[in-house]
Amino acid sequence: MIPIKPPARFLMCRPEHFAVSYAINPWMDPPAWARDGSLHSAAAHREWNALYRTLLEHGAAVDLVPPAAGVPDLVFTANAAVVLDRKVLLARFRHPERQAEEPHFEDAFNRLKARGLVDTVRRLPDGVVLEGAGDCVFDHSRNMFWLGYGQRSDAAAQRAVEEVFGVEVTPLELADPRFYHMDTALSPLPRGEVMYVPEAFTAAGLATIRARVPRSKRIEVGTADAEKLAANAVCLGDTLIMAGCGERLRGTLQERGYHVATTPLRSFLKSGGAAFCLTLRLDRRSRPGTAIAQAAVA
């Protein structure tokens with residue numbers, strides 16, 4: 001009998017309290033949101049539901065964090081934690097406006113643990129900031145994390161992630177405040193390519209990407225697509241779920257065997273988030289055999 005592969009599993013949070021009520025990145029304009037707040041809120045619900053339905057239509061399972069008043073960005077569950085091999089490393093946020101999310105996410109993961117969906121839930125060392133998978137993006141083809149630092153998260157988080165998960169972590173400094181998290185600027189694709197926004201990184205960061213990823217596997221995202229947060233994509237097999245994608249980038253991805261499914265997320269772009277930001281993958285598994293993984297097991 002051929003074993004049935006379990007569905008991809010994501011964590012999301014309905015946008016019941018989502019709003020742009022403060023500004024902690026260049027995308028956010030609270031007065032502009034407030035002028036048409038009810039219209040923006042209604043649009044956010046429609047857009048979130050469309051993304052949710054798209055995931056379900058592609059065979060994914062979705063668990064939900066209960067919405068809570070006073071934490072409008074709780075909807076961006078990618079920032080909740082780093083999750084790999086059923087282990088959870090909870091996020092710590094830089095800005096006070098988001099720090100109130102931390103107990104809500106911890107409660108959510110403890111409930112997932114009680115249901116048997118994750119095995120361990122751990123906190124970062126004191127004083128270390130890491131904003132979850134937003135700044136710690138897993139690259140299955142290379143069996144490693146790309147870690148963004150310099151805008152929100154600390155380079156010192158590298159050691160904590162390596163100790164918890166036993167896989168390599170490659171840090172990249174983010175240079176542009178528009179691309180404040182790694183997930184807004186870089187997306188490892190299922191066939192081994194890396195889609196990235198060159199202007200988001202320092203010269204040293206770009207040199208690291210070019211050293212780790214062969215030219216044939218690098219896909220640069222131009223400014224127009226970067227401003228749609230095209231790199232903030234959810235990968236489900238060969239389907240890439242994106243908030244927006246220009247024809248040139250779409251053609252490049254299709255030539256490489258991918259199907260691009262766009263679902264507009266304009267309301268969330270007003271907060272600097274898109275498809276990846278609104279989801280957190282819960283079922284990712286590392287590949288055994290790396291030196292760090294062996295050392296961690298020994």
Side-chain angles (χ1 to χ4, degrees), residues 10-58 60 62-80 95 97-98 100-101 104-105 108 131-134 177-181 183-185 187 197 221 223-236 239-247 249-250 259-281:
F10 293 88
L11 187 69
M12 296 181 70
C13 177
R14 295 187 185 278
E16 303 302 321
H17 303 283
F18 173 68
V20 180
S21 56
Y22 50 77
I24 57 174
N25 68 50
W27 303 80
M28 304 176 85
D29 185 346
W33 180 279
R35 283 194 292 271
D36 294 298
S38 59
L39 293 177
H40 292 320
S41 179
H45 280 78
R46 290 194 300 271
E47 292 162 10
W48 188 95
N49 283 323
L51 175 62
Y52 176 76
R53 288 195 304 270
T54 299
L55 291 173
L56 296 182
E57 288 165 2
H58 284 83
V62 178
D63 293 285
L64 296 173
V65 177
V71 278
D73 284 346
L74 196 71
V75 70
F76 296 122
T77 52
N79 304 139
H95 291 290
E97 292 89 342
R98 296 205 65 184
E101 299 171 36
H104 294 283
F105 285 136
E131 299 200 346
R178 293 174 300 168
F179 308 108
Y180 55 93
H181 279 152
D183 67 355
T184 66
S187 179
V197 179
V221 178
T223 300
D225 282 316
E227 291 176 348
K228 301 172 188 172
L229 292 184
N232 195 252
V234 174
C235 303
L236 275 176
T239 297
L240 308 181
I241 302 170
M242 307 163 74
C245 183
E247 289 306 311
L249 178 58
R250 183 187 297 270
H259 167 67
V260 176
T262 54
T263 179
L265 296 166
R266 296 182 185 90
S267 302
F268 300 101
L269 286 172
K270 296 178 189 298
S271 195
F276 188 98
C277 291
L278 290 163
T279 64
L280 178 65
R281 189 78 180 256

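- Looking at heavy atoms from C-beta onward, Cys277 lies in side-chain contact with Asp183 at the 4.5 angstrom threshold.
- The nearest pair of heavy atoms linking Ala226 to Trp27 is O-CH2, 4.4 Å.
- From Thr262, atom OG1 reaches atom CZ of Arg250 across 5.0 Å, with rounding to the nearest 0.5 Å.
- In this structure, Leu74 CG and His104 NE2 are separated by 6.5 Å, a value rounded to the nearest 0.5 Å.
- You'll find the side chain of Phe268 stays beyond 4.5 Å of the side chain of Leu51, heavy atoms only.
- With rounding to the nearest 0.5 angstrom, the CG atom of Leu240 is 9.0 Å from the NE2 atom of His259.
- Between Leu229 and Ala274, the shortest heavy-atom distance links the atoms CB-CB, 3.9 Å.
- Under the 4.5 Å side-chain criterion, counting only non-hydrogen atoms from C-beta, Val65 is in contact with Leu11.
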Side chain to side chain contact (heavy atoms under 4.5 Å, CB included) between Phe105 and Thr77, worked out: CA-CA 8 Å; Phe105 285 136; Thr77 52; 4.1 Å; yes
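- Pairs of residues two or more places apart, or lying in two chains, that qualify as salt bridge (charged side-chain N to carboxylate O under 4.0 Å, His left out) and include a residue from residues 62-77 are Arg9-Asp63, Asp63-Arg115.
- The minimum heavy-atom distance between Thr184 and Gly272, with the atom names listed, is CG2-O, 4.2 Å.
- Atom CG of Asp225 and atom CE of Met242 lie 6.5 Å apart (nearest 0.5 Å).
- Taking both residues in full, the closest heavy atoms of Lys228 and Leu269 are given as O-CD2, 3.8 Å, listed atom of the first, atom of the second, then distance.
- A side-chain donor-acceptor contact under 3.5 Å links Trp48 to the backbone of Cys13.
- The distance from atom OH of Tyr52 to atom CE of Met12, rounded to the nearest 0.5 Å, is 8.0 Å.
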His45/Arg14 under side chain to side chain contact (heavy atoms under 4.5 Å, CB included): CA gap, chis, key distance, verdict: CA-CA 8 Å; His45 280 78; Arg14 295 187 185 278; over 6 Å; no
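- To the nearest 0.5 Å, the span separating CE on Met28 from CD on Glu97 amounts to 8.5 Å.
- The main-chain N or O of His181 is never found under 3.5 Å from a side-chain atom of Glu131 such that the two would form a donor-acceptor pair.
- With Glu101 contributing its side chain and Val71 its backbone, the two residues share no donor-acceptor pair below 3.5 Å.
- Of all heavy-atom pairs spanning Phe179 and Ala185, the tightest one is CB-CB, 4.1 Å.
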Can Arg98 and Tyr22 be said to form a side chain to side chain contact (heavy atoms under 4.5 Å, CB included), step by step? CA-CA 10 Å; Arg98 296 205 65 184; Tyr22 50 77; 3.7 Å; yes
Would Leu278 and Phe76 satisfy side chain to side chain contact (heavy atoms under 4.5 Å, CB included), going step by step from the backbone distance to the final call? CA-CA 4 Å; Leu278 290 163; Phe76 296 122; 3.7 Å; yes
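- Nearest approach of Asp29 to Pro31, heavy atoms of both residues: OD1-CD, 3.1 Å.
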